[in-house]
Amino acid sequence: MRGLILLSLAIFLVLTTLQEAWSHGDQPLSKIAIHKATVDLNRDAYIKASPTVLGLKEQTTEWVTLEYGSPKPSADDWIGVFSPANFNASTCPEVNPRVYPPLLCSAPIKYQFANFSSPEYKDTGKGYLKLQLINQRSDFSFALFSGGLSNPKLVAVSNEVAFANPNAPVYPRLAQGKQWNEMTVTWTSGYGINEAGAFVEWGPKGGDQVHSPAGTLTFDRNSMCDAPARTVGWRDPGFIHTSFLKELWPNAVYTYKLGHKLFNGTYVWSQQYQFRASPYPGQNSLQRVVIFGDMGKDEADGSNEYNNFQRGSLNTTRELIRDLKNIDIVFHIGDICYANGYISQWDQFTAQVEPIASTVPYMIASGNHERDWPGTGSFYGNMDSGGECGVLAETMFYVPAENRAKFWYSTDYGMFHFCIADTEHDWREGTEQYKFIDHCLASVDRQKQPWLIFLAHRVLGYSSGISYAVEGSFEEPMGRESLQKLWQKYKVDIAVYGHVHNYERTCPIYQNICTNEEKHYYKGTLNGTIHVVAGGAGASLSPFTTLQTKWSFFRDYDYGFIKLTAYDHSNLLFEYKKSRDGKVYDSFRISRDYRDILACTVDSCPSMTLAS
């Protein structure tokens, strides 16, 4: 009997460990029981916002100051930011004829407790707060609630605040097109096809400018798979435009502006941006790539703190901006912003990364928090996307996939060839994605593009994350069983993953065996693939197992990202940098010739017979 109790306790501890390791806490907006809100307006309570008009100098981000008071203050009073400003029941759709909409049907886009900047609020009933707003295509109002997040009572509502032009084109994000000499520009605005024509004005820096038209997409509530994305998390996404800038000269610098020609003949413009065109595939020049996963978003004003973890997100963003002149392309490999069905958060993420994404290609991969929802064709039946089921990621960002609902694709950057997998769809042998991966790896000319990189969200290779260790797999279940023979056959240099929120680097490895014992300088053939977990860009950190594996060369329980620098066809530098200071904490070099890539290793060359 005692043994049975001990066994039950052990199982409970394992399950608890797994839950803690995989859980990122609740999306902060989901903590608000907005559907239970009641009105308790008090004539002596107030909340005032200033200034009332934002963006008078075409800024897309502004600070607003709130002054508020309540005759019955409490430590759990809080302030919600609502957009559109009218957030009462008249805007709520009925779910079905038998279900009446709640008093409030829209979650705030952010919130903060009334005593955040005013510790004396509970005693004096008066406080102030500074919040940062971004242009999100609508006006704003601020509401003071009592009753905490679980039993909110509306006490006071502020005056309305709005940007001078809420429909303005904002937050451009670059991405590589399907051809090496093509750059795509995607942005968001409030102008639909019945109001204006969307385009990009662009050309060589200092040269003649031309106009390229943009396609326009949007989606409605019915495109969401379930709550909260379809209910309290819904917010009109506006219009997402994409323009294709073609026949670019390699490495040339181009300037561009987002434009809308209104049907009355007037124009609306964004500020001017610039980018450097991609190098020709195989071109021998300095090429620098940054890769990370699971960054998420954070608020500079301290609101919406997500499980108290996303300071790392702002640190990563800050370091990338600081070093942007030394970065050529960025890969964010899944778990983009953790909106989890609260649509407003995608605007806030694109605003956060705008200085990066408007300057260099910002390529993304699909993760569980973008795609997964039961009964929708995702490989995993969990609810991590909050009902988004991939629609937001597939629309807000462009990737050169044949079908963005199947988020796998390849892209070239000079001497690099990247194969990006979609771990939220089946990758095992015999599937459509497996055939893509096989073809992607086989199609590269290694004499011209010696650096072959495999990217995916979930860890299809190796990880010492405690969740994988408890499962006994040290990988996503069924992760490498089908793929490792492809990595070995085509001599993939490095495979990078997110999902596990830490940093780890393995030895060059094949079938659980290190094929090279060197740790920092690889000369000649690797004989295997180096696997890297780079999921520590912002989300709450994942612990490691205490078990020591021979293949795990470096582990770091901290926030960071990796950078690859190709100096030429023979020399590559790998660096792991921490987000808090941008300094290098792990690195290695690869130095080799083309004949080293051609050299046969285990399972990398066709079988030979004496007769042949």
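Both backbone and side-chain heavy atoms feed into the values below; hydrogens, waters and symmetry mates do not.
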Examine distances only and state if a side-chain atom of Q345 and a backbone atom of I109 form a donor-acceptor pair shorter than 3.5 Å.
yes
Among residues at least two apart in sequence or on other chains, which ones pass side chain to side chain contact (heavy atoms under 4.5 Å, CB included) with D139?
P84, A85, E160, A162
Taking all non-hydrogen atoms of both residues into account, name the closest pair between S313 and M295 and its distance.
CB-O, 3.2 Å
Taking atom CD as the centre, does Q272 end up with more than 12 heavy-atom neighbours from other residues, nucleotides or ligands that are less than 6.0 angstrom away?
yes
Results of side-chain hydrogen bond (donor to acceptor under 3.5 Å, both in side chains) for K578 - residues two or more places apart only:
D556, D558
S285 side chain to Q287 side chain, donor-acceptor N/O pair below 3.5 angstrom:
yes
Option from T186, V185, I356 for which side-chain contact (heavy atoms from CB on, under 4.5 Å) with R173 holds:
T186
Using atom types as modelled and distance alone, determine if a side-chain donor or acceptor of H417 lies under 3.5 Å from a backbone N or O of D412.
no
Find out whether L174 and Y273 are in side-chain contact, i.e. whether some heavy atom of one side chain is under 4.5 Å from a heavy atom of the other.
no
Does anything in residues 313-324 pair up under salt bridge (charged side-chain N to carboxylate O under 4.0 Å, His left out), and if so which pairs, sequence neighbours excluded?
E319-R322, D323-K563, D323-K577
Salt bridge between D298 and R311, side-chain N to carboxylate O under 4.0 Å?
yes
List, one per line, each side-chain donor-acceptor pair under 3.5 Å for residues 382-391, sequence neighbours excluded.
residue	atom	partner	partner atom	Å
N382	OD1	D384	N	3.1
N382	ND2	D372	OD2	3.2
D384	OD2	N368	ND2	2.8
S385	OG	D372	O	2.9
S385	OG	G387	N	3.4
S385	OG	E388	N	3.3
S385	OG	C389	N	3.1
E388	OE1	W346	NE1	3.2
E388	OE2	G341	N	2.9
E388	OE2	W346	NE1	3.3

Just verifying a value: how many Å separate H241 NE2 and L258 CG, rounded to the nearest 0.5 Å?
9.0 Å
Nearest 0.5 angstrom please: R371 CZ to F407 CZ, how far?
11.0 Å
Judged by atom type as modelled, is there a donor-acceptor pair below 3.5 Å linking the side chain of K130 to the main-chain atoms of S117?
no
On the six-membered ring of F379, is R458 placed so that its NZ or CZ lies under 6.0 angstrom from the centre and within 45° of the ring axis?
no
Would you say D335 and H499 are linked by a side-chain donor-acceptor pair, where the criterion is simply a distance under 3.5 Å?
no
In terms of heavy-atom contacts, P152 and A33 come closest through CG-O, 3.5 Å
Ignoring hydrogens and geometry, is there a side-chain-to-backbone donor-acceptor pair from R404 to F397 under 3.5 Å?
yes
Using a distance-only test with no angle check, is there a side-chain donor-acceptor pair under 3.5 angstrom linking S83 and Q136?
no
W78 side, atom CH2; F116 side, atom CZ - distance, nearest 0.5 Å
16.0 Å
Once you measure the plane-to-plane angle for F82 and F145, does it fall in the parallel (<30°), tilted (30-60°) or perpendicular (>60°) bin?
tilted
Separation of M415 CE from Q449 CD (nearest 0.5 Å):
10.0 Å
Do F416 and F418 have their ring centres less than 6.0 Å from each other?
yes
In the structure I gave you, are the side-chain heavy atoms of P279 and Y413 within less than 4.5 Å of one another anywhere?
yes
Might you point out which heavy atoms bring H457 and T423 nearest each other, and give the distance in Å?
CB-OG1, 3.6 Å
Between Y342 and Q348, do the side chains contain an N or O donor and an N or O acceptor separated by less than 3.5 Å?
no
For R230, is there any backbone N or O sitting under 3.5 Å from a side-chain donor or acceptor partner on R221?
yes
Is it the case that the side chains of T317 and Q352 hold a donor-acceptor pair, with the cut-off being a distance below 3.5 Å and no angle test?
yes
Is T266 reaching over with its side chain to a backbone N or O of L262, donor-acceptor style, under 3.5 angstrom?
no
Could you tell me if the ring centre of F292 sits under 6.0 Å from that of Y559?
no
Exam field: side chain Y362 to backbone E354, donor-acceptor pair closer than 3.5 Å:
no
Salt bridge (charged side-chain N to carboxylate O under 4.0 Å, His left out) pairs touching residues 264-279, sequence neighbours excluded, are none
What's the spacing between I34 CD1 and L29 CG if we round to 0.5 Å?
10.0 Å
Heavy-atom side-chain contact between W408 and H425 under 4.5 Å
yes
Is it the case that the ring center of F199 lies less than 6.0 angstrom away from the ring center of W187?
no
State whether the number of non-hydrogen atoms from other residues, nucleotides or ligands found under 6.0 Å of W269 atom CH2 is greater than 12.
yes
Distance-only side-chain donor-acceptor flag, D294 / Y338, under 3.5 Å:
yes
Quick check: are there more than 12 heavy atoms from other residues, nucleotides or ligands sitting under 6.0 Å from OH of Y128?
no
From the list N167, D347, N165, side chain to side chain donor-acceptor pair (under 3.5 Å) partner of R137 resolves to D347
With no hydrogens and no angle check, is any side-chain donor or acceptor of T395 less than 3.5 Å from a backbone partner on L392?
no
Counting only heavy atoms from other residues, nucleotides and ligands, does the tally under 6.0 Å from CD of Q433 exceed 12?
yes
Just checking K178: does its NZ atom have more than 12 heavy atoms from other residues, nucleotides or ligands closer to it than 6.0 angstrom?
yes
Quick check: are there more than 12 heavy atoms from other residues, nucleotides or ligands sitting under 6.0 Å from CD of Q274?
yes
Would you name the heavy atoms of S243 and P213 that are closest together and state the gap between them?
OG-O, 3.0 Å
More than 12 heavy atoms of other residues, nucleotides or ligands under 6.0 Å from OH of Y380: is that the case?
yes
Would the distance check show the side chain of T316 and the main-chain N or O of A537 forming a donor-acceptor pair, the cut-off being under 3.5 Å?
yes
In Å, rounded to the nearest 0.5 Å, how long is the span from CD of E195 to OG1 of T216?
10.5 Å
Under 3.5 Å, is there a donor-acceptor pair between the side chain of T218 and the main chain of F239?
no
Are there over 12 heavy-atom neighbours, none belonging to I193, within less than 6.0 Å of that residue's CD1?
no
Residues which pass ring pair (Phe, Tyr, Trp, His ring centres under 6.0 Å) with Y409, listed by chain and number, not counting sequence neighbours
none
